[in-house]
Protein chains: 2
Amino acid sequence: MIMDDLLLILKAMSDKNRVRIFNALQSHEELCACQLTELLEVTGATASRHLSQMVRAGILKNRKHGRWIYFRLNTENILLDSFFKWVKQQLHGSNQADKDLKTLEQIMGVPCEDLCRKQRGGASCAKHKQEI
Amino acid sequence: MIMDDLLLILKAMSDKNRVRIFNALQSHEELCACQLTELLEVTGATASRHLSQMVRAGILKNRKHGRWIYFRLNTENILLDSFFKWVKQQLHGSNQADKDLKTLEQIMGVPCEDLCRKQRGGASCAKHKQEI
DNA sequence: ACAACAATTAGTCATTTAGCTAAATATAAA
DNA sequence: TTTATATTTAGCTAAATGACTAATTGTTGT
């Protein structure tokens with residue numbers, strides 16, 4: 001492999017939010033952009049940038065369904081397989097990783113429509129902002 | 001593992017110069033700071049910073065011998081083992097990696113004293129600088 | 001003790017990166 | 001076809017990173 005391509009993969013995995021996305025998709029097969037946005041507590045734009053960087057590196061695949069876009073790990077790429085396994089193994093016992101999975105369970109209980117409404121409602125990640 | 005520790009490892013491997021150091025030590029067991037400085041064509045200070053970041057992440061070990069310091073991969077850490085294997089495998093066939101190994105052969109033919117003299121002689125990485 | 005010297009650390013600066021808001025795109029529903 | 005809306009892209013700012021030079025540290029040899 002060209003060294004720059006390897007670096008693309010490694011860089012795509014050396015950020016906390018992106019590792020959290022990886023962890024989430026390790027145990028949920030497929031998640032909507034708005035669900036991951038909700039998990040990370042960042043703006044949709046920020047989540048989108050992280051996600052597209054991971055897609056560019058070949059770590060994720062995405063699927064469009066209506067106006068929702070679902071992401072999942074790219075398990076087709078055999079080269080990545082043992083890397084994924086290793087990262088997963090290292091995340092075992094991580095507080096952050098465990099907490100995220102619990103949070104995700106709650107997020108999964110809310111329909112995407114509601115998540116999106118909440119996110120555009122201004123409350124997204126600035127906690128103290130008030131309704132007008 | 002704590003997620004931040006995992007990130008320390010991943011970040012330590014997501015830079016071209018540091019991957020090149022990894023590659024060099026993958027096939028040379030132990031190398032002096034000045035040899036790696038020579039390979040990367042950066043200043044000694046820059047090489048030193050990369051090396052210490054890798055040591056901090058647990059990827060490298062170092063050994064002091066007189067005023068020379070030798071670095072090698074930390075093969076004692078079993079957790080890193082399969083990660084190292086994976087990176088090594090991905091580097092297979094990389095032009096940069098191959099070129100570096102050839103360059104290293106030449107570097108190994110020069111005693112450290114000479115490398116260091118050359119490096120402090122000002123020529124280090126600014127190619128056009130002239131002797132006074 | 002002192003001079004020479006390999007490596008590291010401190011201090012700067014330029015580049016990259018991650019976050020935000022706002023504008024643009026693309027799909028769904030009215 | 002118009003309106004609403006989920007995601008992406010553009011433009012900006014602040015923080016992180018990597019490179020350099022200069023100063024410091026710790027070891028060798030005189």
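Numbers restart at 1 for each chain; the letters A, B, ... are given by sequence-line order, proteins then strands.
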Rounded distance (Å) that lies between atom P of C:dA7 and atom NE2 of B:His50
16 Å
Phosphate-side-chain proximity, B:His65 and C:dA6, N/O vs OP1/OP2 below 4.0 Å
no
Euclidean distance, B:Leu25 CG relative to B:Leu51 CG, rounded to 0.5 Å
8.0 Å
Taking atom C1' of C:dA7 as reference, at what distance in whole Å does atom CD of B:Glu38 sit?
15 Å
Classify the ring geometry of B:His65 against B:Tyr70: parallel below 30°, tilted from 30° to 60°, perpendicular beyond 60°.
tilted
List in numerical order all residues of residues 8-22 of chain A for which some heavy atom is under 4.0 Å away from an atom belonging to DNA chain D.
none
From CG of B:Leu31 across to P of C:dA6 the rounded distance in Å is 17 Å
What does the B/S/- profile of nucleotides 3-13 of chain D look like, 5' to 3', with a 4.0 Å heavy-atom cutoff to protein?
-BBSSBB----
Answer yes or no: is there an ion pair linking A:Lys85 with A:Asp81, defined by an N-O contact shorter than 4.0 Å?
yes
Could you go through the salt bridge (Lys or Arg N to Asp or Glu O under 4.0 Å) check for A:Lys16 and B:Asp4 one step at a time?
CA-CA 8 Å; A:Lys16 190 160 197 168; B:Asp4 289 340; 3.1 Å; yes
Output the rounded distance in Å from CD (B:Gln53) to P (D:dA16).
14 Å
Value in whole Å for how far the P atom of C:dA6 lies from CZ of B:Arg63:
17 Å
Heavy-atom side-chain proximity of A:His28 to A:Arg72 below 4.5 angstrom
no
Can you list everything that forms a side chain to side chain contact (heavy atoms under 4.5 Å, CB included) with B:Asp98? Sequence neighbours excluded, please.
none
Under the criterion side-chain contact (heavy atoms from CB on, under 4.5 Å), I'd like the reasoning laid out for A:Phe71 against A:Lys61: C-alpha separation, chi angles, the key distance, then a yes or no.
CA-CA 6 Å; A:Phe71 293 85; A:Lys61 286 275 185 190; over 6 Å; no
Criterion side-chain contact (heavy atoms from CB on, under 4.5 Å) on B:Leu31 and B:Met108, from CA distance to verdict:
CA-CA 9 Å; B:Leu31 289 168; B:Met108 301 294 284; 3.6 Å; yes
